[in-house]
Number of protein chains: 2
Amino acid sequence: MTDQSYIQTLRDTGLKVTPQRLSVMRIVLEKPGHFKVEDVYRRIKVSEPTITLATVYNIFKAMTDKGILKSFELDGATWFENNTEVHANLSCENCGKIEDIEIPEIGQLIQKLSNGNYTVRSASIVLKGLCSECTAELSAK
Amino acid sequence: MTDQSYIQTLRDTGLKVTPQRLSVMRIVLEKPGHFKVEDVYRRIKVSEPTITLATVYNIFKAMTDKGILKSFELDGATWFENNTEVHANLSCENCGKIEDIEIPEIGQLIQKLSNGNYTVRSASIVLKGLCSECTAELSAK
DNA sequence: GTACATGCAAATTGTTTGCAAGTAT
DNA sequence: ATACTTGCAAACAATTTGCATGTAC
């Protein structure tokens, strides 16, 4: 991903282009991942010491409102991710990693709800257990 | 539900029977519902003024650990419910109500994950949108 | 020039902790 | 008798707010 594409995304969604937003985007849009505000803030602060936590909060909120990111809550904190498709996030109680699980059927089930008696605008599916790696490792013994 | 059944539940799960726990159970096990610690605390405090928020937190944690309740996070707070089956909670952005949605297939999908490459110990499915009532009302116009 | 974004400090909200005193078993 | 539970106050973590200054468009 290039800065040009980030700038395009901001323009497309009606957000102004600022160095702070580009800094955040370089971290959270570079590759699939899960991010906490505090962590991203600390990473950016190294090269841009004037940035504040409140600004990073603002940026995450703006990007989520515009559909660039998706958020979910886990253990008292908000996480952000660039995978905006309906999917499950599995939090591994062994290694701490968060793993995306694509479950195409779930997207369809939720779609079906929206065609029925409900209106569904967002879905957060958070699982706790063991990721694929830890499941394999611990059942191997 | 009777106090006797609550006492039984506590004994069965290895929790001691205390007046504070019974007070909480009378509220959260009486009928299907969704509860925040703070709200339950305030309701109990009327008749038992010595109870503290920390105690109510303790009780919810103990009951959830024992599988009597289930929890999920929504808009920065933890909610508890007595429906311990896998289901979705839909938070209505119009009326504020939280509605249970039973989706039998989802339980099976998650079961399937657990039989596959993952180990799933808990699942939290939180939807935002419009509840059945508000969906009907707003599409009627 | 105007509306939007940032930086900063302080406030707020939800939750946890440590510990002494009390109580269930 | 012992381990668990409660009450209380204080601490903590995550997030939000208000406002002056700064910047994108």
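Reminder, nothing fancy here: chain letters follow the sequence lines and each chain counts from 1.
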*Starting at atom OH of Tyr41(B), determine the distance to atom P of dT13(C), rounded to an integer number of angstrom.*
15 Å
*Nearest to the side chain of Lys16(B) - dT25(C), dT6(C), dA24(D)?*
dT25(C)
*Determine the contact category for Thr18(A): base if any of its heavy atoms lies under 4.0 Å from a base atom, sugar-phosphate if only primed atoms, P, OP1 or OP2 are that close, otherwise nothing.*
sugar-phosphate
*Taking CD from Glu48(A) and P from dG22(D), how many angstroms apart are they, rounded to a whole number?*
17 Å
*Heavy-atom distance under 4.5 Å between the side chains of Lys16(A) and Arg21(A), does that happen here?*
yes
*Would you mind reporting whether Leu29(A) and Ile68(A) have side-chain heavy atoms less than 4.5 Å apart?*
yes
*Does a nitrogen or oxygen in the side chain of Thr55(B) sit under 4.0 Å from OP1 or OP2 of dG7(D)?*
yes
*Is there a chain of hydrophobic side chains (I, L, V, M, F, W, Y, each step under 4.5 Å between heavy atoms) that links Leu113(A) to Ile110(B)?*
yes
*Given Asp100(A) and His34(A), is the side chain to side chain donor-acceptor pair (under 3.5 Å) satisfied, shown in steps?*
CA-CA 9 Å; Asp100(A) 274 357; His34(A) 305 85; 2.7 Å; yes
*asked:* Using modelled atom types and a 3.5 Å cut-off, is there a donor and acceptor pairing between side-chain atoms of Glu93(A) and backbone atoms of Lys128(A)?
replied: no
*Would you indicate which nucleotide in dG7(C), dA3(D), dC25(D) comes nearest to any side-chain atom of Thr52(A)?*
dG7(C)
*Is the backbone of Gln111(A) close enough, under 3.5 Å, to the side chain of Ser114(A) for a donor and an acceptor to pair up by distance?*
no
*Roughly how many Å is it from CG in Leu10(A) to P in dT23(D), rounded to a whole number?*
18 Å
*Position toward the 5' end of DNA chain C (nearest nucleotide), Leu15(B) or Lys45(A)*: Lys45(A)
*Between Phe35(B) (CZ) and dG14(C) (P), how many Å, whole number?*
18 Å
*Measure from CG on Asn58(B) to C1' on dG18(C) and round the result to the nearest Å.*
12 Å
*Flag the pair Asn89(B) / Leu74(B) as yes when at least one side-chain heavy-atom distance between them is below 4.5 Å, and no otherwise.*
no
*Expressed in angstrom and rounded to an integer, what is the separation of Gln20(B) atom CD from dT23(C) atom P?*
9 Å
*Indicate, with a heavy-atom threshold strictly under 4.0 Å, whether Thr50(A) touches base, sugar-phosphate, or nothing.*
sugar-phosphate
Nucleotide N/O to protein N/O under 3.5 Å, stretch nucleotides 12-16 of chain D:
unit_1, atom_1, unit_2, atom_2, d
dT15(D), OP1, Thr78(A), N, 2.8
dT15(D), OP1, Thr78(A), OG1, 2.6
dT15(D), OP2, Tyr57(A), OH, 2.8
dT15(D), O5', Tyr57(A), OH, 3.3

*Can you check the Ile59(B) CD1 to dA24(C) P distance for me, whole Å?*
13 Å
*Could you tell me whether the phosphate oxygens of dA24(D), OP1 or OP2, come under 4.0 Å of any side-chain nitrogen or oxygen in Arg21(A)?*
no
*For dT25(C), does either OP1 or OP2 sit under 4.0 Å from a side-chain N or O belonging to Arg11(B)?*
yes
*asked:* In this structure, how many angstroms lie between the C1' atom of dA5(C) and the CD1 atom of Ile51(A), rounded?
replied: 11 Å
